[in-house]
Amino acid sequence: MHLISAALVGSLGLIALAGTAQAARDDADDYPYLPLDHPALQYAEHPTNDPVSRLQVQIDQGQVKLDYEPGRWGYLRSLLKHLQIDVDSQMLVFSKTSFQAQKISPKRPRALYFNDNAAVGFVQDGEVMEVASLDPTQGVLFYSLDIQKSQTPRFVRRDSECLRCHLIPGTLNVPGLVVSSVIPSSDGSPRFPGAGVIIDGRSPLSERWGGWYVSGTTGALEHRGNAVAPDPLRPDMLDLRDSQNLTSLAKRFDTSAYLTGMSDIVALLTLEHQTRMVNLMTRLGWETRAAMQNGKLEDFRERLDFLAEQTALYMLFADEAPIKDPITGVSDFVKNFPKRGPRDKQGRSLRDFDLSRRLFRYPLSYMIYSDAFEGLPEAAKQRVYRRLHEVLTGKDTSEKFACLSAEDRRAVLDILIETKPNLPGYWRTSHAAAPAVRNTAP
């Protein structure tokens, strides 16, 4: 349970926050540390097959050339293009929570861009670009690329620097993605270092985005974005005046210094879902491979059931934080993200947004299509498939899945049957025998 509390002082536009926070519920107990050099893992030495390592091979072989723009952008545009990351995913974080912290401030936020398999961090006048890249078996790998022009640009693994923040209980103690919400001072320094809240799709929206710029509207919701705690004598007081429902950030900093002037709220919400989804799949894969390597897969069955259950719960948005007022983004992300995945014959996709009561219209994670899911050991993947099938076909109607209506379950089942290759045979058999349910999703 999050241990950070809030008390609103509405008339002054201030929010008082506790000075301590816990990374992520009880993850430290449920996901103990795994040795990175375990024979089944070999995180630092194992051959890689992620987007960045594949791009490096293409560069080395002369098949791809990263274009360099002198001055402001350097390799940024070209790198995003070759990693197939769209500019509309841009998010801006102004807290000093990067290893290039001295270059970051509310006037010069760090830009982040992402897709399903990679993320790029760009700091104005920084020394390197920061890149996270998802390997189907190894999980998230961390690289840097020098800002300066080079005859042969080279990505460098940065495990030692990055794992200080990306191998913690909040990442399930595997190298993973993390989004945090902090209480920033006027220069972006966290008022309480090490006390940020780790954010994912379960986190109340009121706790999110401390230290981030947020473009978009949230109705009556008061979140922590776009705000600082300016008074050192009251370090736990965020000044929320003029910080909510911003559709432009031009008054906050020079937006012309970025590929776009936005830090889209829908992109933020999507990344926050994706972070824990990636970490859960990585953890499930790592533990299963370790059990197989140790010859103890049968003894691992109970633990496998637990890991698969946690993965299925999150995939089905069973404990998703509700959206109480409609959310509206300001970039093309909300239009373009749904175009990037498959659709069934009715035109439905797991990437379609809702944004009025929950993040997605059809409650199953689009990451089921990802290489990370396909790269799971067969025993792990089949256990997740079984749990998803039990819930979606109504065999499991337990309270923890009460948020899923019969229409939700049938719609997701229909979409998967038509769009997901290599589903176990029993999915299609049971689907053909099931009575049709009229789709009433909004």
Side-chain angles (χ1 to χ4, degrees), residues 23-51 53-54 117 132-142 157 159-160 162-163 166-178 275-316 365 367-391 395-396 400 420-427:
R25 301 190 181 184
D26 57 357
D27 288 341
D29 296 327
D30 289 337
Y31 303 96
Y33 177 75
L34 294 171
L36 298 182
D37 60 352
H38 187 284
L41 308 178
Q42 295 294 309
Y43 178 73
E45 294 83 20
H46 194 279
T48 55
N49 183 29
D50 62 289
S53 65
R54 293 194 296 268
N117 298 303
S133 187
L134 183 56
D135 184 284
T137 59
Q138 293 301 96
V140 180
L141 308 176
F142 300 94
R157 286 281 295 269
D159 297 343
S160 59
C162 295
L163 293 187
H166 290 271
L167 179 60
I168 58 175
T171 67
L172 312 185
N173 280 316
V174 294
L177 300 174
V178 60
T275 53
R276 183 171 174 85
M277 192 74 264
V278 166
N279 297 340
L280 282 164
M281 291 190 294
T282 301
R283 182 76 196 203
L284 174 60
W286 275 31
E287 286 204 43
T288 305
R289 291 187 188 93
M292 293 167 62
Q293 175 75 29
N294 295 338
K296 295 183 177 181
L297 190 56
E298 285 303 316
D299 297 336
F300 180 66
R301 294 295 176 184
E302 183 176 348
R303 176 65 176 173
L304 177 58
D305 286 346
F306 168 79
L307 295 170
E309 182 72 7
Q310 297 308 303
T311 303
L313 275 166
Y314 195 75
M315 292 186 83
L316 290 162
S365 177
M367 291 298 287
I368 196 170
Y369 300 111
S370 68
D371 292 341
F373 183 83
E374 287 301 316
L376 287 170
E378 199 62 22
K381 184 163 54 176
Q382 292 305 320
R383 191 68 193 96
V384 175
Y385 270 140
R386 178 64 67 179
R387 284 301 290 132
L388 294 176
H389 186 262
E390 289 168 353
V391 175
K395 293 178 181 177
D396 185 340
K400 59 187 172 184
K420 183 73 173 75
N422 305 319
L423 283 174
Y426 62 83
W427 278 65

Set of residues satisfying side-chain hydrogen bond (donor to acceptor under 3.5 Å, both in side chains) with respect to [X], sequence neighbours excluded:
| X | answer |
| --- | --- |
| Q293 | none |
| E45 | none |
| Y369 | T419 |
| H46 | none |

Nearest atoms (heavy-atom pairs only) where [X] meets [Y]:
| X | Y | value |
| --- | --- | --- |
| L167 | P175 | CD1-N, 3.6 Å |
| F142 | G176 | CZ-O, 3.5 Å |
| V178 | T275 | N-CG2, 4.3 Å |
| L388 | A312 | CD2-CB, 4.0 Å |
| N294 | H38 | OD1-NE2, 3.4 Å |
| S133 | P51 | OG-CD, 3.1 Å |

Quiz item: Roughly how far apart are E302 CD and D305 CG, rounded to 0.5 Å?
Solution: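 Rounded to the nearest 0.5 Å, the CD-CG separation comes out at 7.5 Å.
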Has the side chain of [X] got a donor or acceptor atom that lies under 3.5 Å from a matching backbone atom of [Y]?
| X | Y | result |
| --- | --- | --- |
| H166 | L177 | no |
| D50 | L134 | no |
| Q138 | L41 | yes |
| T171 | I168 | yes |
| S365 | I368 | no |

Quiz item: Between M367 and M315, is a side-chain contact (heavy atoms from CB on, under 4.5 Å) present by the stated rule, with each step listed?
Solution: CA-CA 8 Å; M367 291 298 287; M315 292 186 83; 5.8 Å; no
Taking only residues two or more places apart in sequence or in another chain, which ones pass side-chain contact (heavy atoms from CB on, under 4.5 Å) with [X]?
| X | answer |
| --- | --- |
| P136 | D371 |
| F306 | D30, Y31, R303, Q310 |
| R386 | R383, E390, Y426 |
| P421 | none |

Exercise. Check step by step if side-chain contact (heavy atoms from CB on, under 4.5 Å) holds for Y43 and L163.
Key: CA-CA 12 Å; Y43 178 73; L163 293 187; 4.0 Å; yes
Taking the side chain as every heavy atom from C-beta outward, state whether [X] and [Y] have any atom pair closer than 4.5 Å.
| X | Y | answer |
| --- | --- | --- |
| T288 | L376 | no |
| S370 | V278 | no |
| L34 | N173 | no |
| D396 | R387 | yes |

Self-check item: Sequence neighbours excluded - side chain to side chain donor-acceptor pair (under 3.5 Å) pairs with any residue from residues 277-286
Solution: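 Listed once each, the pairs are R283-E287.
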Quiz item: Yes or no on side-chain contact (heavy atoms from CB on, under 4.5 Å) for L280 and L307, after CA distance, side-chain angles and deciding distance?
Solution: CA-CA 8 Å; L280 282 164; L307 295 170; over 6 Å; no
Self-check item: Residue list, ring pair (Phe, Tyr, Trp, His ring centres under 6.0 Å) with Y314, at least two apart or on another chain
Solution: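 Residues passing ring pair (Phe, Tyr, Trp, His ring centres under 6.0 Å) with Y314: H273.
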Quiz prompt | Parallel, tilted or perpendicular: ring planes of Y385 versus F373, cut at 30 and 60 degrees | solution =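 Aromatic pair Y385/F373 classed perpendicular.
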Quiz item: Can you list every salt bridge (Lys or Arg N to Asp or Glu O under 4.0 Å) pair that touches residues 290-299, not counting sequence neighbours?
Solution: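 Found E298-R301.
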